[in-house]
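Structure first, commentary second.
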Amino acid sequence: MTSPIIDGLRVHPLLVPMEVPHRTASGEISASPLVLLDLFTDCGIVGHALIFTYTPAALQPTAQLIKNIEPLIKGQLLDPAAIAASLSARFRLLGTQGLVGMALAGIDMACWDAQARHQSLPLYRLLGGRQATIPAYGAVGFDGEVGSANAAESWAKQGFKGIKAKIGYPTVAEDVAVIRAMRKASGSGMAIMVDYNQSLSPTKAMERLRVLDGEGLTWVEEPTLTTDYRGMAAVARQSGIPIQCGENWWGTADMQLAIDASASNYVMPDVMKIGGVTGWLAAVQLATKNELPMSSHLWPELSARLLCCTPTAHWLEYMDWWSPVLKEPLQVIDGVAVVDEQLGSGLEWRQSTIEAYSV
């Protein structure tokens with residue numbers, strides 16, 4: 001089969017309001033700054049990708065950066081792995097983290113989506129995966145005892161078997177109160193994870209986790225700085241609860257550093273920060289080699305498909321923040337992600353949303 005030629009890129013910067021703002025220990029997210037990316041080919045196949053820039057301040061710069069990279073891939077064969085290697089080499093001196101990494105990951109995701117569509121395959125089948133039962137957990141913000149309990153009850157009523165809450169309140173007693181309120185509201189069978197969002201020092205983390213040890217938690221996520229591999233490893237050694245890290249690793253080099261330090265019992269790469277689909281596949285090799293359960297961060301539609309290609313697949317993080325821009329958002333039934341036979345990564349845009357929230 002002849003490979004298509006890349007004709008160009010189109011970007012749509014959007015600011016999509018959230019139905020329910022998501023609060024964290026470091027602030028509130030009330031709208032999703034998104035860059036929708038379309039990659040065109042000479043045979044009419046179009047690949048799609050979505051980038052989340054976290055803050056509106058990075059929205060336009062990221063969209064412009066993607067367009068600035070367009071001449072480096074225009075006219076090239078649609079070969080995702082080769083394009084990823086070429087762009088990585090081009091940006092070696094500048095580095096491939098931050099906005100550059102986000103832009104390159106978006107292009108990579110769009111390339112893989114186009115490649116799967118060209119071969120008339122769902123992405124997970126193109127990558128050698130198969131349909132799998134991927135349990136999903138619902139996200140709970142930094143909402144206090146009552147708000148967290150209400151959210152936990154809502155997820156339980158929707159059939160979810162796992163929830164994850166932001167914690168890191170002024171006292172560990174407040175952390176415990178939130179956990180117990182969620183447990184009471186959601187039932188004894190609910191898997192409960194908590195996320196400190198890197199808000200503690202290693203010493204404070206060890207102190208708090210000793211208190212949380214009897215609360216039956218599935219994992220504690222990023223209790224201290226994700227780049228403090230030594231400190232995180234010290235916490236992991238002392239903790240009776242598994243430590244989860246990964247959403248803030250920029251590429252598999254960071255992941256390897258964490259593994260070498262034994263800084264995390266579980267791993268949960270973010271498909272954008274880890275380097276797109278190509279980076280995810282490299283992360284899968286590391287997780288499999290080291291027998292580490294691997295979950296996802298954000299990007300539920302794409303992540304569910306990638307977890308079908310992950311031998312150590314663990315949990316899918318589910319948030320419906322971006323559903324307004326998608327024709328067919330991911331479905332979760334009885335707490336399990338439904339991975340269907342849609343071509344590519346399953347992303348198709350809802351044009352009315354693009355027009356309504358375009359920046």
Side-chain angles (χ1 to χ4, degrees), residues 6 9-11 34-41 45-54 58 62-63 65-70 72-73 76-92 94-119 121-124 126-129 246-256 267-287 294-310 316-317 322 344-347:
I6 297 174
L9 301 172
R10 180 174 63 198
V11 294
L34 306 176
V35 180
L36 307 190
L37 171 61
D38 299 318
L39 181 143
F40 297 93
T41 65
I45 296 292
V46 182
H48 306 295
L50 181 153
I51 293 298
F52 176 56
T53 69
Y54 288 84
T62 304
L65 181 55
I66 292 171
K67 285 297 291 182
N68 291 347
I69 296 172
E70 180 182 39
L72 301 180
I73 64 170
Q76 299 296 313
L77 287 175
L78 180 63
D79 183 336
I83 290 169
S86 174
L87 290 177
S88 178
R90 286 270 192 165
F91 286 92
R92 187 169 293 128
L94 178 60
T96 54
Q97 299 184 354
L99 299 192
V100 172
M102 292 159 62
L104 297 185
I107 292 170
D108 183 81
M109 288 185 258
C111 284
W112 280 106
D113 183 48
Q115 182 77 307
R117 291 172 188 271
H118 175 61
Q119 297 192 27
L121 290 171
L123 177 62
Y124 73 90
L126 174 70
L127 299 176
E247 69 176 74
N248 288 303
W249 292 336
W250 286 100
T252 51
D254 282 359
M255 183 176 179
Q256 185 67 68
V267 297
M268 57 176 303
D270 174 294
V271 67
M272 178 182 74
K273 292 183 180 179
I274 205 67
V277 174
T278 300
W280 181 280
L281 296 176
V284 165
Q285 292 182 8
L286 287 177
M294 183 159 154
S295 299
S296 64
H297 177 250
L298 298 182
W299 280 266
E301 285 75 19
L302 178 55
S303 295
R305 289 162 170 83
L306 293 176
L307 285 168
C308 289
C309 311
T310 305
L316 172 80
E317 181 175 64
W322 311 331
S345 56
L347 298 182

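Just the heavy atoms: all of them, side chains too, but no hydrogens, waters or symmetry mates, feed the values below. Numbers here are sequence positions counted from 1.
Judged by distance alone, the side chain of S303 and the main-chain N or O of W299 form a donor-acceptor pair under 3.5 Å.
A donor atom on one side chain and an acceptor atom on the other are not found under 3.5 Å apart for W280 and S296.
Expressed to the nearest 0.5 Å, how far CD1 of I83 lies from CG of L77 amounts to 8.0 Å. Between L127 atom CG and C308 atom SG the span is 10.5 Å, to the nearest 0.5 Å. Atoms CG and CZ, on L9 and F40 in that order, are 8.5 Å from each other to the nearest 0.5 Å. We find the OG1-NZ distance between T96 and K273 to be 14.0 Å, quoted to the nearest 0.5 Å. Distance check: S345 OG to Q115 CD gives 13.0 Å after rounding to the nearest 0.5 Å.
A 4.5 Å side-chain heavy-atom check between T41 and H118 finds every atom pair outside the cut-off. In this structure, I107 and I69 have side chains that are in contact, with non-hydrogen atoms separated by less than 4.5 Å. For the pair L65/V100, a side-chain contact is recorded, criterion being any heavy-atom separation below 4.5 Å from C-beta on. In this structure, W249 and D270 have side chains that are not in contact, with every pair of non-hydrogen atoms separated by 4.5 Å or more. For the pair V11/L36, no side-chain contact is recorded, criterion being any heavy-atom separation below 4.5 Å from C-beta on.
Partners of W250 according to the ring pair (Phe, Tyr, Trp, His ring centres under 6.0 Å) rule, which considers only residues two or more places apart in sequence or in another chain, do not exist here. Remark: A105 pairs with M109, M272 by the side chain to side chain contact (heavy atoms under 4.5 Å, CB included) rule, at least two apart or across chains. When the salt bridge (charged side-chain N to carboxylate O under 4.0 Å, His left out) test is applied to E247, no partner is found at least two apart in sequence or on another chain. Taking A304 as the reference, L316, L330, A337, V339 meet the side chain to side chain contact (heavy atoms under 4.5 Å, CB included) condition, with sequence neighbours excluded. With sequence neighbours excluded, the residues forming a side chain to side chain contact (heavy atoms under 4.5 Å, CB included) with Q256 are I259, D260, L286, listed by chain and number. Partners of D38 according to the salt bridge (charged side-chain N to carboxylate O under 4.0 Å, His left out) rule, which considers only residues two or more places apart in sequence or in another chain, are R10. By the side chain to side chain contact (heavy atoms under 4.5 Å, CB included) test, A58 is found to be paired with T53, T55, T62, L99, residues two or more places apart in sequence or in another chain being considered. Partners of R90 by salt bridge (charged side-chain N to carboxylate O under 4.0 Å, His left out), not counting sequence neighbours: none found. With sequence neighbours left out, the side chain to side chain donor-acceptor pair (under 3.5 Å) criterion links E70 to K67. Checked against ring pair (Phe, Tyr, Trp, His ring centres under 6.0 Å), H297 has no partners two or more places apart in sequence or in another chain.
The heavy-atom pair separating P122 from A116 by the smallest distance is C-CB, 4.4 Å. Of all heavy-atom pairs between A114 and L39, the closest is CB-CD2, 4.2 Å. Nearest heavy-atom pair across A49 and A110 is CB-N, 3.6 Å. Considering every non-hydrogen atom in both P300 and E317, the closest pair reads CB-O, 4.0 Å.
Residue pairs meeting the salt bridge (charged side-chain N to carboxylate O under 4.0 Å, His left out) criterion with at least one partner in residues 102-116, sequence neighbours excluded, are D113-R117. Every pair passing salt bridge (charged side-chain N to carboxylate O under 4.0 Å, His left out) that includes a residue from residues 299-308 is listed here, sequence neighbours excluded: R305-D340.
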Show your reasoning for whether side chain to side chain contact (heavy atoms under 4.5 Å, CB included) applies to T278 and L281. CA-CA 5 Å; T278 300; L281 296 176; 5.7 Å; no

Side chain to side chain contact (heavy atoms under 4.5 Å, CB included) between I51 and L34: does it pass, once the steps are laid out? CA-CA 6 Å; I51 293 298; L34 306 176; over 6 Å; no

Given F91 and L72, is the side chain to side chain contact (heavy atoms under 4.5 Å, CB included) satisfied, shown in steps? CA-CA 11 Å; F91 286 92; L72 301 180; 4.0 Å; yes

L306/V277 under side chain to side chain contact (heavy atoms under 4.5 Å, CB included): CA gap, chis, key distance, verdict: CA-CA 8 Å; L306 293 176; V277 174; 4.1 Å; yes

